[in-house]
Structure formats: C-alpha cells, structure tokens
Amino acid sequence: MVAEQVRILTLVLDPANYTASPYALPTAATTASVLCLGLFVLIRERLQMVSLSFFLASLTIVIWLFSFSWMYCATDPRVALWWAKAAYVGVPYIAPAFYHFTVAVLGLYDRRKRMVWISWGLASLFMLAILTTNGLVAGLYRYWWGYYPRYGWLSIPYLTFFFGLTVLTLSHYWTEYRSAAPGTIHRRRIRALTVAFHIVYLGSVDYLARFVGDGNGGP
C-alpha cells in the first residue's frame, strides 16, 4: 500500500504527466485572487481572530481550485484522480469555515457554537469518506479538455450539507444587515463582508462545466 502511494506520488511529481490546458487558467487565476483577498483581509484586520477565520475559509477554496487546476492539466488518469482527491481535502471545510467566520464576526458565536462544531465534525466525516472511499469522487470523466471528477452517491448528502449551511450563513448576514442602523460602520462592514463572502464563494464555482466535454466517460 505504501509502495503504491509512493509510486503515485512519483507520477504526480513528474512533469511529463502534465500538459498545458487553457481550461486551467480560470481556476488558477481565481486561486491567486482568493489567496490575495484572504491575505488582504488578514493584514487589514491586523491578524485578529476574525481575519484569521476568514483567511482559513479562503484557504479551503484555494486548496480546491489549486488542485483542480492541476487536475485539468494531468494526462495520466492516476495523476488526475490524485488531484481530485487532494481538492476534497479542502472542499468539505468551505461551508463550515465561512459559517464559523460569520457567527464570529456578527457576534453570534456563543449562541451558535454548537452548530459551528457540528458542522466542523460533519465536514471531517465527509473528508475522511472522500479520501478512503469512492462515495463522492467515484472516478473520472475524460474529455477532450482534460479530466473531471465523476461523483457517487455521497454527493447527494454532501451537497445538501454544503448548500444548506451556505443558505444558513447568508441568512445570518441578511438578518444582521436589516437590523443594523443605516449609515453606521457596523452596517457598512456587514455589507463589505457580504461582498467579500460572495467573491470568495464565486471562486468555489467550477467554471468548466463538464457538459462542454465530448461526453465520453473515462476511468
């Protein structure tokens, strides 16, 4: 088992197993943009706990998109599958990280901390399932532009968890924004954070819908 992992890692590190792909450019550019946004907030807020949690949330998306960029460039299915799995080390934690950041910045943590840690726990279970089974990443599609993950039965409960927590997060912002007095610093800050939240979540959208492919399934 260890020998097999070493062999796969050797393939991953071999430049010969990659080719230039224009479809990797949007995800690579978004990776850099999200990382810069996270660093900007970190510096702007002077390394406060809120900025650290935002940077952590940004980092989960960076891991996802960085891995997808290399997956699109992979020419070997074993290498592409390795990057697909690597991407999902960060993906399950995106929604919990932003929910944690939201309740912290809005002063709701004491009332919502149970939900915060439940969401982190569920994300960890999804991550372990993704790395040890084929429940979510069941394999790969192979298209003319590169590889794309083929999802399994675990994608249904996962997407329910992910988008349910996303809607809950946005509802906290909306409720707090409506209750804040117009023209106050608090209201402007909530609006700015909401915009930043949407920018980073935009980065989590897979720009390259697999439907543009040639329709041939892969390994």
Side-chain angles (χ1 to χ4, degrees), residues 1-13 27 30-31 34 38 53 55-74 76-103 112-143 146-170 200-211 213 217-219:
M1 184 66 177
V2 175
E4 176 65 17
Q5 294 298 324
V6 171
R7 189 168 67 87
I8 295 297
L9 186 58
T10 301
L11 292 174
V12 169
L13 296 176
T27 47
T30 307
T31 298
V34 171
S53 62
F55 180 73
L56 176 62
S58 303
L59 199 58
T60 60
I61 288 183
V62 167
I63 293 171
W64 183 6
L65 296 181
F66 178 82
S67 300
F68 263 37
S69 298
W70 286 104
M71 182 191 67
Y72 293 139
C73 294
D76 188 298
R78 294 165 295 179
V79 174
L81 184 59
W82 189 93
W83 282 112
K85 293 280 188 176
Y88 282 89
V89 171
V91 170
Y93 293 108
I94 292 175
F98 274 100
Y99 184 73
H100 195 156
F101 165 75
T102 297
V103 298
R112 304 291 180 178
K113 61 183 178 181
R114 179 176 296 181
M115 184 61 187
V116 168
W117 293 109
I118 288 176
S119 67
W120 281 112
L122 288 174
S124 297
L125 291 177
F126 278 117
M127 189 271 286
L128 289 173
I130 288 164
L131 295 181
T132 58
T133 73
N134 294 325
L136 182 57
V137 182
L140 296 168
Y141 289 106
R142 185 174 184 176
Y143 296 118
Y147 291 97
Y148 194 93
R150 184 174 72 248
Y151 300 113
W153 62 270
L154 190 58
S155 62
I156 296 175
Y158 168 71
L159 290 174
T160 302
F161 162 76
F162 186 95
F163 287 108
L165 198 55
T166 300
V167 170
L168 180 61
T169 301
L170 290 174
V200 175
Y201 252 95
L202 181 63
S204 71
V205 177
D206 182 11
Y207 295 99
L208 311 175
R210 59 188 175 90
F211 304 107

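Just so it is clear, the values below take in all heavy atoms, side chains as well, and ignore hydrogens, waters and symmetry mates. Positions are given from 1, in the same order as the sequence printed here.
Inter-residue side-chain proximity for Met115 and Leu168 is flagged as met; some heavy-atom pair is nearer than 4.5 Å. In this structure the side chain of Thr60 never reaches within 4.5 angstrom of the side chain of Val91, judged on heavy atoms. Between Tyr93 and Met127 the shortest side-chain heavy-atom distance falls below 4.5 Å. No side-chain heavy atom of Trp153 sits under 4.5 Å from any side-chain heavy atom of Ser155. Considering only heavy atoms from C-beta on, Pro149 stays 4.5 Å or farther from Tyr141 through its side chain.
Remark: side-chain polar atoms of Thr169 are paired, donor with acceptor, to backbone N or O of Leu165 under 3.5 angstrom.
In this structure, Phe126 has its ring center closer than 6.0 angstrom to the ring center of Tyr158.
Distance CE/Met71 to CH2/Trp82: 13.0 Å, rounded to 0.5 Å. With rounding to the nearest 0.5 Å, the separation of CG in Leu170 from OG1 in Thr102 is 7.5 Å. Separating the CD1 atom in Ile94 from the OG atom in Ser58 is a distance of 10.0 Å, to the nearest 0.5 Å. In this structure, the separation between OG on Ser53 and CZ on Phe98 is 9.5 Å, given to the nearest 0.5 Å. The distance from atom OH of Tyr147 to atom CZ of Arg142, rounded to the nearest 0.5 Å, is 3.5 Å.
Closest approach of Leu154 and Leu136 over heavy atoms only: CB-N, 3.7 Å. Between Leu140 and Leu81, the shortest heavy-atom contact is CD1-N, 3.5 Å. Residue Ser69 comes nearest to Thr31 through the heavy atom pair OG-OG1, 4.4 Å, listed as atom of the first residue, atom of the second, then distance. Taking every heavy atom of both residues into account, Ile156 and Thr160 meet most closely at O-OG1, 2.9 Å.
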Would you sort out whether Tyr88 and Leu131 count as a side-chain contact (heavy atoms from CB on, under 4.5 Å), showing the intermediate values? CA-CA 8 Å; Tyr88 282 89; Leu131 295 181; 5.9 Å; no
Evaluate side-chain contact (heavy atoms from CB on, under 4.5 Å) for Leu56 paired with His100, printing each intermediate quantity in order. CA-CA 10 Å; Leu56 176 62; His100 195 156; over 6 Å; no
Going through the distances and angles, do Thr27 and Thr30 end up as a side-chain contact (heavy atoms from CB on, under 4.5 Å)? CA-CA 5 Å; Thr27 47; Thr30 307; 5.7 Å; no
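Side chains of Thr166 and Tyr99: no donor on one and acceptor on the other come within 3.5 Å.
Screening Phe162, Phe161, Trp117 for a side chain to side chain contact (heavy atoms under 4.5 Å, CB included) with Pro96, the sole residue that qualifies is Phe161. Looking at Val116, Leu122, Ile118 one by one, the single match for side chain to side chain contact (heavy atoms under 4.5 Å, CB included) with Trp120 turns out to be Val116.
Every pair passing salt bridge (charged side-chain N to carboxylate O under 4.0 Å, His left out) that includes a residue from residues 78-98 is listed here, sequence neighbours excluded: Asp76-Arg78.
The aromatic rings of Trp70 and Trp83 lie parallel to each other, their planes meeting at an angle below 30°, with 60° marking the opposite boundary.
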